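Quick caveat: nothing in here was measured; it's all calculated off a predicted structure.
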Amino acid sequence: MNQSFSSLGNSQAEICLYLPTPPILENGWQGYDDAVRQNGNHWRKILIILSKIACPTDDWRSHRDNALLETEAINFRNSLNTAAKVHLIAGKASWERLGMIASEQSPADTGFTPLDDSGMLWRKDNLILTPYPDYRQFPNHQIDCLRAALYP
């Protein structure tokens with residue numbers, strides 16, 4: 001039986017990533033390899049990008065394989081996780097769904113300031129608007145910029 005989830009990971013996580021659609025997991029979260037086996041390349045990219053962002057060191061591969069979703073969470077609900085200290089709201093659909101911006105607005109219109117010149121990384125307090133976690137939309141230079149903001 002396939003299961004769908006409203007969130008994955010640590011409910012008390014300091015970092016929470018917000019996405020519109022959960023993966024399908026037959027037996028709940030069983031780790032990176034199992035999630036990729038069941039959901040393919042799309043979720044491989046998402047989980048690698050989250051690992052690169054959330055790991056406080058450069059050893060994101062070890063984090064991905066051994067600690068992913070122990071210290072962070074992925075939320076698919078229409079509300080913020082109140083326990084999280086940093087909210088990574090991924091993609092314009094999530095920006096709008098969670099009420100960060102309206103469809104006709106830019107993040108600057110609602111008080112967000114840019115973290116870089118891409119137009120896809122914005123911050124207001126502990127809310128960070130990011131691109132959808134896909135390599136084309138969220139390349140390594142943007143990941144590095146976000147990491148610099150999270151781990152100064």
Side-chain angles (χ1 to χ4, degrees), residues 1-95 97-98 100 107 112-152:
M1 179 175 96
N2 289 334
Q3 294 181 20
S4 186
F5 300 88
S6 60
S7 67
L8 293 171
N10 184 341
S11 63
Q12 300 299 308
E14 290 194 15
I15 296 176
C16 190
L17 174 68
Y18 297 84
L19 294 173
T21 309
I24 302 299
L25 300 172
E26 293 170 358
N27 298 307
W29 176 256
Q30 300 294 316
Y32 168 79
D33 289 333
D34 184 61
V36 171
R37 179 186 61 76
Q38 293 184 64
N39 292 277
N41 196 45
H42 173 72
W43 272 91
R44 180 184 67 81
K45 293 175 192 177
I46 290 169
L47 297 172
I48 286 174
I49 289 172
L50 178 58
S51 294
K52 288 180 176 183
I53 293 167
C55 183
T57 69
D58 290 333
D59 193 10
W60 63 266
R61 286 176 184 87
S62 177
H63 182 79
R64 174 199 65 198
D65 296 341
N66 301 303
L68 186 62
L69 298 184
E70 290 178 12
T71 59
E72 58 273 333
I74 304 174
N75 186 323
F76 309 100
R77 295 183 194 108
N78 291 330
S79 61
L80 296 177
N81 174 347
T82 57
K85 292 186 172 132
V86 175
H87 304 277
L88 304 175
I89 304 162
K92 288 184 179 180
S94 291
W95 301 1
R97 175 176 57 88
L98 290 166
M100 300 298 125
F112 284 86
T113 57
L115 286 177
D116 70 352
D117 60 2
S118 71
M120 292 300 288
L121 285 175
W122 298 85
R123 182 177 210 158
K124 179 168 56 174
D125 303 319
N126 67 343
L127 303 170
I128 301 174
L129 306 181
T130 75
Y132 191 83
D134 178 272
Y135 297 139
R136 290 172 300 229
Q137 297 179 53
F138 206 154
N140 281 331
H141 71 275
Q142 285 183 328
I143 293 169
D144 292 343
C145 178
L146 178 54
R147 282 183 46 78
L150 292 175
Y151 311 105

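The distance from the NZ atom of K52 to the CG atom of L146 is 13.0 Å, given to the nearest 0.5 Å. Within the model, atoms OH of Y132 and NE2 of H42 stand 3.0 Å from one another, a figure rounded to the nearest 0.5 Å. To the nearest 0.5 Å, the span separating CZ on R64 from CD1 on I48 amounts to 5.0 Å. For the atom pair L88 CG and R123 CZ, the distance stands at 9.5 Å (nearest 0.5 Å). Taken to the nearest 0.5 Å, the OH atom of Y151 stands 9.0 Å off from the OG1 atom of T57. D116 contributes atom CG, which lies 6.5 Å from atom NE2 of H141 (distance to the nearest 0.5 angstrom).
Taking 4.0 Å as the cut-off between side-chain N and carboxylate O, R37 and D34 count as a salt-bridged pair.
Nearest approach of S11 to A83, heavy atoms of both residues: O-CB, 3.6 Å. Heavy-atom minimum distance, L115 versus C145: O-SG, 3.2 Å. Residues S51 and L68 share a closest heavy-atom pair of OG-CD1, 3.4 Å. The heavy-atom pair separating L19 from A90 by the smallest distance is CD2-CB, 3.7 Å. Summarising the geometry of S118 relative to L121, their closest heavy-atom pair is OG-N, 3.7 Å, with the distance given to 0.1 Å. Smallest separation of non-hydrogen atoms from E72 and A67: OE2-O, 3.8 Å.
With N10 contributing its side chain and Q12 its backbone, the two residues share a donor-acceptor pair below 3.5 Å. With hydrogens and angles disregarded, no donor-acceptor distance shorter than 3.5 Å links the side chain of N75 to the backbone of Y18. In terms of modelled atom types and a separation under 3.5 Å, the side chain of W95 and the main chain of T130 share a donor-acceptor contact. Remark: side-chain polar atoms of R97 are paired, donor with acceptor, to backbone N or O of R77 under 3.5 angstrom. Of the possible polar contacts, one joining the R147 side chain to the C55 backbone as a donor-acceptor pair under 3.5 Å is found. Of the possible polar contacts, none joining the Q38 side chain to the A35 backbone as a donor-acceptor pair under 3.5 Å is found.
Within the 4.5 Å cutoff, the side chain of P23 has no heavy atoms near those of the I46 side chain. Using a 4.5 Å heavy-atom cutoff, the side chains of W60 and I143 are not in contact. Within the 4.5 Å cutoff, the side chain of W122 has no heavy atoms near those of the M100 side chain. Residues V86 and E14 form no side-chain contact, since every pair of their non-hydrogen atoms from C-beta on lies 4.5 Å or further apart. When side chains are defined from C-beta on, L80 does not count as touching C16, because their heavy atoms never get closer than 4.5 Å. Side-chain contact between L69 and I74 is present, with heavy atoms from C-beta onward closer than 4.5 Å. Contact of the L98 side chain with the L127 side chain is not registered, since no non-hydrogen atoms from C-beta on lie closer than 4.5 Å. Side-chain contact between T21 and F76 is absent, with no heavy atoms from C-beta onward closer than 4.5 Å.
Tested against L17, the residues L47, L8, L50, I89 include a single side-chain contact (heavy atoms from CB on, under 4.5 Å) partner, L50. When each of D58, D65, N66 is tested with S62 by the rule side-chain hydrogen bond (donor to acceptor under 3.5 Å, both in side chains), just one qualifies, namely N66.
Sparse packing is recorded around NZ of K92, with 12 or fewer heavy atoms of other residues, nucleotides or ligands lying under 6.0 Å away. Counting non-hydrogen atoms of other residues, nucleotides and ligands closer than 6.0 Å to CD of Q137 gives a total above 12.
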